[in-house]
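Atom set for the values below is all heavy atoms of this structure, side chains included, hydrogens, waters and symmetry mates excluded. Predicted model, so just to flag it, every value in this text is computed and none were measured. Throughout, a chain's letter reflects where its sequence line sits, starting with A, and its residues are numbered from 1.
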Protein chains: 2
Amino acid sequence: MAANSLRARVRAEMIDEIKAAARRHLATDGANLSLRAVARDLGMASSAIYRYFPSRDDLLTTLILEAYVALGDAVEAADAAVDRDDLRGRWFASCRAARAWALANPAEYALLYGSPVPGYTAPDDTVEPAARPPMTLIGIARDGLATGQLTPPPADDLPQPVRDDLADVAASLAPGMPVALLARGMAGWTQLFGLISFELFGRIKGALPHRDDYFDHQIALMADLVGLPR
Amino acid sequence: MAANSLRARVRAEMIDEIKAAARRHLATDGANLSLRAVARDLGMASSAIYRYFPSRDDLLTTLILEAYVALGDAVEAADAAVDRDDLRGRWFASCRAARAWALANPAEYALLYGSPVPGYTAPDDTVEPAARPPMTLIGIARDGLATGQLTPPPADDLPQPVRDDLADVAASLAPGMPVALLARGMAGWTQLFGLISFELFGRIKGALPHRDDYFDHQIALMADLVGLPR
DNA sequence: CCAATTCGAGAGCAGTGCTCTTGACAGGTC
DNA sequence: GACCTGTCAAGAGCACTGCTCTCGAATTGG
């Protein structure tokens, strides 16, 4: 079959429509997505969906993968838009972009970073795009190291097993990265994820009305921890 | 009816059995708990469950509340078991207890700190027990302040809105607590939650085999941030 | 033009939460 | 003991779910 045949084009559009409807339902109904509901939205029989996605999990997987890509794109684009030497600016831009994306797409964020669906196991395709946001943060630290703006923290407190583990990670993901700095970069990523999750999952209550400023301050604390110059 | 009548006792036992069976299913099936499966386990009709819990959400709420209490108990007990003046020891004990509880009860932890169930809204009863772990951490910082072991960080970087918000929180939860210190304590709590979630939800992959040591080091970073003396 | 492929719709299966009705049992009262 | 009253478990049934299968219609490539 020709790649551009009428059937192929209609099929591609149909897939897009299904995904769009599914995303719409995701926003209101959460992870328990109903295939029949999206079929109703599209005015088709529920069984017809199975012509395009072999199962509900498969549709979810596609949405998850695209969400990872979208988040990774957003973070990397925000980082790229800042002067390479402005480490702190890049740090803030990246973190804010992640939060902004999460606030704009809460259901998809919950799908990525919420509790895992019981029977569901993420395919290997997700690990690479999932690693892009933390890699962006670590890249900022690396650049600072390269330009001398950033001095690596002492690794004295690092227990030997952690040092070895982190050395392995650095070897495969960020060659030349000092382990102590890598650990602090990962702390920043953990903090970013925790902050967004707390805000999104309603754990922060209404106690802190100025969420943007609070977020910025907490992110600044981690920027200091990593050693980004002010 | 007498509170200790035979009926009341049998009923209480039945409720306990239902909760136990539900917890068992929770561990394998996650948040999508099946009432019918629980009923099957207990050898009773599904409709009979409704004599004890008005709905599935109500059963879930009960489990959530008890999980909050269990986690709070675990953290506070760990903190209380350490010499009051050993701030760092208390910090480590509290954080490790939270992680240990989460690893021992992953399904319940996911229920508490994973993505919120779509239609479900947590009742007000949960906010007090939910606040116990972070309050324990903040209490450690307060004690350090009282004994002079800990000097409050400067509040210079804090934007005014955040300072005001945090002052309100401090006024109602931790009177006399400097806002900058409160912010760092909350950062510690956020980091703790993020660390546990990453480990539990499989985001950390097999990249860091020595998870205990990694956890300890990241917790130590936050202890330093709060200013706990070594 | 025809065979092959693709597609949508419908029926149907097993499962779910939940409601309502029915019949059985225990508690206390006369 | 007889009698009511409140409680309980069970079953049928409703509307919903994911998913499979079959059947007729439409489109494609030869």
Side-chain angles (χ1 to χ4, degrees), chain A residues 1-26 28-64 107 111 117-121, chain B residues 1-26 28-64 107 111 117-121:
Chain A
M1 166 186 359
N4 277 358
S5 84
L6 180 100
R7 243 208 187 113
R9 267 185 298 132
V10 168
R11 184 179 174 83
E13 281 178 25
M14 199 71 216
I15 288 181
D16 281 346
E17 281 188 40
I18 292 176
K19 288 191 291 194
R23 261 187 276 264
R24 225 176 305 131
H25 273 90
L26 216 57
T28 61
D29 298 345
N32 36 14
L33 175 70
S34 163
L35 276 192
R36 292 180 119 109
V38 314
R40 268 194 300 271
D41 264 25
L42 300 178
M44 66 198 301
S46 65
S47 56
I49 304 268
Y50 288 84
R51 296 278 176 196
Y52 303 92
F53 294 94
S55 76
R56 195 195 75 125
D57 272 12
D58 213 88
L59 172 56
L60 268 179
T61 298
T62 302
L63 294 180
I64 288 177
L111 219 53
V117 185
Y120 178 82
T121 52
Chain B
M1 165 185 359
N4 277 359
S5 83
L6 182 104
R7 255 220 178 98
R9 270 184 297 133
V10 169
R11 184 179 175 83
E13 281 179 25
M14 199 71 215
I15 289 181
D16 281 346
E17 279 188 42
I18 292 176
K19 288 192 290 193
R23 259 187 278 264
R24 227 177 303 131
H25 272 92
L26 216 56
T28 61
D29 298 344
N32 36 14
L33 175 69
S34 163
L35 277 191
R36 291 180 120 109
V38 175
R40 266 195 300 273
D41 263 25
L42 301 178
M44 67 198 298
S46 65
S47 55
I49 304 265
Y50 288 84
R51 294 276 173 197
Y52 302 92
F53 293 94
S55 76
R56 195 195 76 125
D57 273 12
D58 212 88
L59 173 56
L60 268 179
T61 297
T62 302
L63 295 180
I64 288 177
L111 219 54
V117 186
Y120 177 82
T121 53

Give [X] one of three labels, base, sugar-phosphate or nothing, depending on what nucleic acid heavy atoms sit under 4.0 Å from its own.
| X | answer |
| --- | --- |
| A/Ser55 | sugar-phosphate |
| A/Leu33 | sugar-phosphate |
| A/Arg51 | base |

Can you name the nearest heavy-atom pair linking A/Ala31 to A/Leu111, along with the distance?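 A/Ala31 and A/Leu111 have their closest heavy atoms at CB-CD1, 3.9 Å.
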
Heavy-atom pair of closest approach, residues B/Ala48 and B/Tyr52: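 Scanning both residues completely, I find the closest heavy atoms to be O-CD1, 3.5 Å.
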
Check if the side chain of A/Ser47 and the base of C/dG8 share a donor-acceptor pair of N or O atoms closer than 3.5 Å.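 Absent.
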
Does the base of D/dG18 carry an N or O that pairs as donor and acceptor with the side chain of A/Arg36 under 3.5 Å?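 Yes, the side chain and the base share a sub-3.5 Å donor-acceptor pair.
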
Would you say [X] places a side-chain N or O within less than 4.0 Å of OP1 or OP2 belonging to [N]?
| X | N | answer |
| --- | --- | --- |
| B/Tyr52 | D/dA9 | yes |
| B/Arg11 | C/dA26 | no |
| B/Ser34 | C/dG17 | yes |

Check: B/Arg56 side chain, B/Leu35 main-chain N or O, donor-acceptor pair, under 3.5 Å: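 No, the answer is negative, given that no donor and acceptor are paired below the 3.5 Å cut-off.
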
Starting at CG of B/Asn32 and ending at C1' of C/dG15, how long is that distance when rounded to a whole Å?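 Atom-to-atom, B/Asn32 to C/dG15, this comes out as 13 Å.
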
Over how many whole Å does the gap from B/Met14 atom CE to D/dA9 atom C1' extend?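 In whole Å, D/dA9 C1' lies 10 Å from B/Met14 CE.
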
